[in-house]
Structure formats: structure tokens, C-alpha cells
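Following: one structure in C-alpha cells, then a few remarks.
Naming convention: chains lettered A, B, ... in sequence-line order (proteins, then strands); numbering from 1 in each chain.
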Amino acid sequence: AQSVTQLGSHVSVSEGALVLLRCNYSSSVPPYLFWYVQYPNQGLQLLLKYTSAATLVKGINGFEAEFKKSETSFHLTKPSAHMSDAAEYFCAVSEDTGRRALTFGSGTRLQVQP
Amino acid sequence: EAQVTQNPRYLITVTGKKLTVTCSQNMNHEYMSWYRQDPGLGLRQIYYSMNVEVTDKGDVPEGYKVSRKEKRNFPLILESPSPNQTSLYFCASSYGAGANVLTFGAGSRLTVL
């Protein structure tokens, strides 16, 4: 069965600092991996996804994530945080084509300090 | 505009009073799903539907019902709501599972007293 672990329920960075949000997955087959972002009082929006093409995936708003099979990780990074990046971020995994779609991690709330 | 529309956005009700949260999508998506979001637990899938008249349980289906009579609509029914169903609910749709990206509604915040 697929599962996702996000380390750190809250992360705080200074504006301009590196953002690193951690995600580890468990999957019995090659997975599809996603990062979604949720701004206050809104639904989830896709940041980026990995579908076995390039291991380094670039997303919107300057975010990127690297798929590392040996570490079963898919960490999300951004070189320089902006105040508008403050939100909750969810890592998700999908491993099949016919049934349940995504399994989400518990989320990481990113706070950006001025 | 391509979107998933949920109603109501906010609802306060009492234990045992049946309610329905509607969900409609205008993208001709085959796959639809309901999630609930609770602090520290992320999003957990309640029910999903691969197509019209095809529904199946997710991880937390107890106390919920769904139906998929039309491709665009996927209502969530709470026959006898209880306080532990107080949560933020999201409907989502996509062309399918696997690598397909889900489009989410704005969410419905439900409080059961």
C-alpha cells in the first residue's frame, strides 16, 4: 500500500531564505508523486508532479522537487522564500491507474518571517 | 472557467439531521472523489467514483453515502451526522487516477453540534 510521510508539521523561514519541505513515500510500484499547496480558505492547487520522466521537477512559483528512488524521497525546495509562499503544503503519492488516486501526507505549514 | 463547485461552503447543523453537500464539475472528468481534511491528518479519502454509477469506498467511508447518477455531479450525503464528522470537506475531479492531476473545489466547512 502507498503512504506518505511529511517531516515537520510546521516550518518557519525568513524571507529570502531557502525553503526545504521534506516528503518520504512508500510504494510497492514506481509511484507518481505530487506536491499541492493550500492557501488560506482555498482548495488545493498543484505545484508540481513527478511521472517518471526527469527526476528533477520544476513547478510553479519557483518551486522544484527531486525524486530520489534510493531514499524514497521527494523533497520540495525553493531557493528564496517570499511572503506569498506562506501556505500549507501537501505531498501525495499515486501508484495505480484504476482506483484510489492520491494518498496525501499530513501537510507542512510554511511560515515566512519578514 | 474550468472548476469544481461545492455547496454549501459553510454549514452548522445538529446531530442526526440529514444533509447533502453538492459537488459539480464542468470539465467532463470521469473521476471524482471526496476528501475530508482534519488538522494533523492531511486529506483522507471518503469515497470516489471512476465513472457514472461506479462508486467505491475510500479510507474513511463510515457515516457517508455518495451517488453518481450524472457525470458532472457527485453529492456527499450524511444521513445522520455526528460531531466527529465536523471537518473541512473537499470534492475533486480528474480524467482518471494515476498521474492525472486532481482539480479541487474550494471546500465545505461542516460543523455538527
Problem set entry | Joint cluster assignment, B:Met50 & B:Leu76, ILVMFWY side-chain distance < 4.5 Å | no
Exercise. When you look at CG of A:Asn41, are more than 12 heavy atoms from neighbouring residues, nucleotides or ligands closer to it than 6.0 Å?
Worked result: no
For this session: Could you tell me the separation between the CZ atom of B:Phe104 and the OH atom of A:Tyr36, rounded to the nearest 0.5 Å?
Result: 5.5 Å
Problem set entry | Contact origin within A:Glu88 toward chain B - heavy atom pairs under 4.5 Å | side chain
Problem set entry | Connected via hydrophobic side-chain network under 4.5 Å: A:Tyr32 and B:Tyr35 | yes
For this session: Search all heavy atoms of A:Gln38 against all heavy atoms of B:Phe90 and return the closest pair with its distance.
Result: NE2-CZ, 3.2 Å
Seminar exercise, completed: When rounded to the nearest 0.5 Å, the distance separating CG of B:Leu43 from CG of A:Leu44 is 5.5 Å
For this session: Step through the shown structure and confirm whether more than 12 heavy atoms of other residues, nucleotides or ligands are within 6.0 Å of CZ on B:Arg109.
Result: no
Exercise. For the hydrophobic clusters of this structure (ILVMFWY residues joined by side-chain heavy atoms under 4.5 Å, transitively), does one cluster hold both A:Tyr39 and B:Val4?
Worked result: no
Seminar exercise, completed: Rounded to the nearest 0.5 Å, the OH atom of B:Tyr48 sits from the CG atom of A:Leu102 at a distance of 13.0 Å
For this session: Examine B:Tyr31 and B:Tyr64 and state if one hydrophobic cluster contains both, with Ile, Leu, Val, Met, Phe, Trp and Tyr joined whenever side-chain heavy atoms are less than 4.5 Å apart.
Result: no
For this session: Looking only at non-hydrogen atoms, find the nearest pair between B:Val101 and A:Phe34 and report the distance.
Result: CG2-CE2, 4.3 Å
Exercise. Looking only at heavy atoms, what is the nearest atom pair of A:Ser106 and B:Gly40, with distance?
Worked result: CB-O, 3.4 Å
Seminar exercise, completed: The interface call for B:Arg9 against chain A, heavy-atom contacts under 4.5 Å, is side chain
Problem set entry | Heavy-atom neighbours of B:Ile12 CD1 exceed 12 at 6.0 Å | no
For this session: Look up atom CD in A:Gln45 and atom OG1 in B:Thr103, then write down how far apart they are to the nearest 0.5 Å.
Result: 10.5 Å
Exercise. Checking B:Gln37 against chain A: side chain, backbone, both or neither under 4.5 Å from a heavy atom?
Worked result: side chain
